[in-house]
Amino acid sequence: MGKYIVQGGRKLKGSVTVSGSKNAALPILCATILAKEPVILKNVPDIADIHAMISILKTIGTKVEFKDGVITVDPKNVKSTYVSNDGKHCMRASILLLGPLLARFGKAEMEFPGGCILGKRPVDTHLSAFMGLGVQVVDDQKNIELKVASKGLKGADIVMSELSVTATENVIMAAVLAEGTSIIRLAAAEPHVQDLCNFLNSLGAKISGIGTHELLVKGVKSLKGGEYSITGDYLEAGTFAIAAALTNGEVEIKGIDPHHLDSFWQKFSELGVPYELKKNSAIVKPHGKLKAITQLRTAVHPSFPTDLQAPFAVLLTQADGKSKVFETLFDGRLNYLFELEKMGAKFEILNPHQAIISGKQNLRGVHISSWDIRAGAAMVLAALVAEGETEINNIGFIDRGYDNLEQKLKKLGATIERK
Ligand code: EPU
């Protein structure tokens, strides 16, 4: 894995257009194998996770081409129902192929998925939702091996065991070709789940309730091919908004629906960062002193996204007073604070989910590492505001989720090099 060298203290200015959403593109890529004809996807981010998913799709027989943000998929010759997770393809999102494979072939098998180091991330929510549609679990120990009962997938009333993003996506992808109607209760409603539903509907699926926690999926016989543009990445947008606020610059972030980030902008207001929301962009403006916030509590959409918790915590180190961070979803998502501590951040960890951050602290450039995609982004953000030079190792994690991060930051005036 390479590293970034960042010189801190440069004010960011200008505009940046975010790429398509990673967490929308991954399930949508998997969903293409449900179609009978070729599918063209536009605005696809050029990131490591997308390349890994393309490799996996090729191993099962899908024809895939990726050029200039456009992916063409021909799913006609998919033959294998075995999803391999060898070292190269170690990615939790590969679990998203289970739903489409079950719908198309009536069986699916995969090695246990990898992914970021984010504490315990069980697969039970996926398996129990599949079982509701008539899927039998043949093995869930070494591999995950699933098969559909002889009568085929049957629409059902399913209550998800928690509001899980990828489990909701998996059961939607299975239900679109099931016989009859499914109700998916306690469905995740994140913008990427909505984008998957909109994509499937564009191919002829019948999903309603999109954006709510109760989806109605009327099974159809088949899905046609088509063309679809992936929604802008609100998590990347939030990362750039924090970069602008940290350096007290002025940046317009384009290519998003700014209302995907309502809970985020509300925290900007509490901190004292001015912004303006337009139809497809947001402008972050220079601010005076930042005030600590009472609590940054992550939860499922539309609450504050867990994926922006670590990046936002960097901003909290620059606010006067004590701010509480409460990570309600993941167990291991406060570890990045120990890297920030090396830069001079002051905090107290109350338990694996809660910490108090004390500001304002001047951060200084040191050698640090990224822990996962979002913690890695947080390190880059901290480096932008730190005094002197910061070296960030393990940036392969950042490459998994951020398309061309250093080029976009450079264009805004940051001094950042990849080594
Ligand atoms: N969880 C709860 N309560 C809930 C919902 C979830 O405790 O109400 C726990 C789960 O038990 C699990 C964890 O939170 O341990 C994650 O939940 P989920 O199953 O929703 O996560 P996921 O589907 O595996 C997706 C994203 C992650 C993102 C999470 C949460 C994709 C490909 N991955 O993962 O993205 O953090 O949802 O929003 O969509 C990232 O982009 O950096 C990333 C890790």
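Counting starts at 1 for both ligands and their atoms, following the listed order.
By heavy-atom distance, the residue among Phe397, Phe330, Tyr402 lying nearest atom 17 (O) of ligand 1 is Phe330. With Asp124, Leu96, Val165, Leu26 as candidates, the residue nearest to atom 20 (O) of ligand 1 on a non-hydrogen basis is Val165. Nearest to atom 1 (N) of ligand 1 by heavy atom, out of Glu162, Met160, Met53, His301, is Glu162. By heavy-atom distance, the residue among Thr168, Leu329, Thr328 lying nearest atom 9 (C) of ligand 1 is Leu329.
Considering backbone and side-chain N/O of Ser164, one or more are found under 3.5 Å from N/O of ligand 1. In terms of polar-atom proximity, Ala167 is not counted as a contact of ligand 1, lacking any N or O under 3.5 Å from an N or O of the ligand.
In this structure Tyr234 satisfies the ring pair (Phe, Tyr, Trp, His ring centres under 6.0 Å) test together with His192, His260, sequence neighbours excluded.
Heavy-atom contacts of Arg333 reach the following atoms of ligand 1: 36 (O), 42 (O), 44 (C) (cutoff under 4.0 Å). Atoms of ligand 1 found under 4.0 Å from any heavy atom of Thr306 (numbered from 1 in listed order, with element): 30 (C), 36 (O), 38 (O). If you number the atoms of ligand 1 from 1 as listed, the ones under 4.0 Å from a heavy atom of Arg92 come out as 24 (O).
Across Thr298, Asp307, Thr328, a single residue satisfies side chain to side chain donor-acceptor pair (under 3.5 Å) together with Arg333, and that is Asp307.
A side-chain N or O of Ser269 and one of Tyr275 form a donor-acceptor pair less than 3.5 Å apart.
Aromatic ring orientation, Phe268 versus Phe264: tilted (interplanar angle from 30° to 60°).
More than 12 heavy atoms of other residues, nucleotides or ligands sit less than 6.0 Å from atom NZ of Lys154.
Only the side chain of Asp307 comes within contact range of ligand 1, with a heavy atom under 4.0 Å; no backbone atom does.
Ring centers of His51 and Phe66: under 6.0 Å apart, within the cut-off.
In this structure a side-chain-to-backbone donor-acceptor pair under 3.5 Å is present from Asn170 to Gly99.
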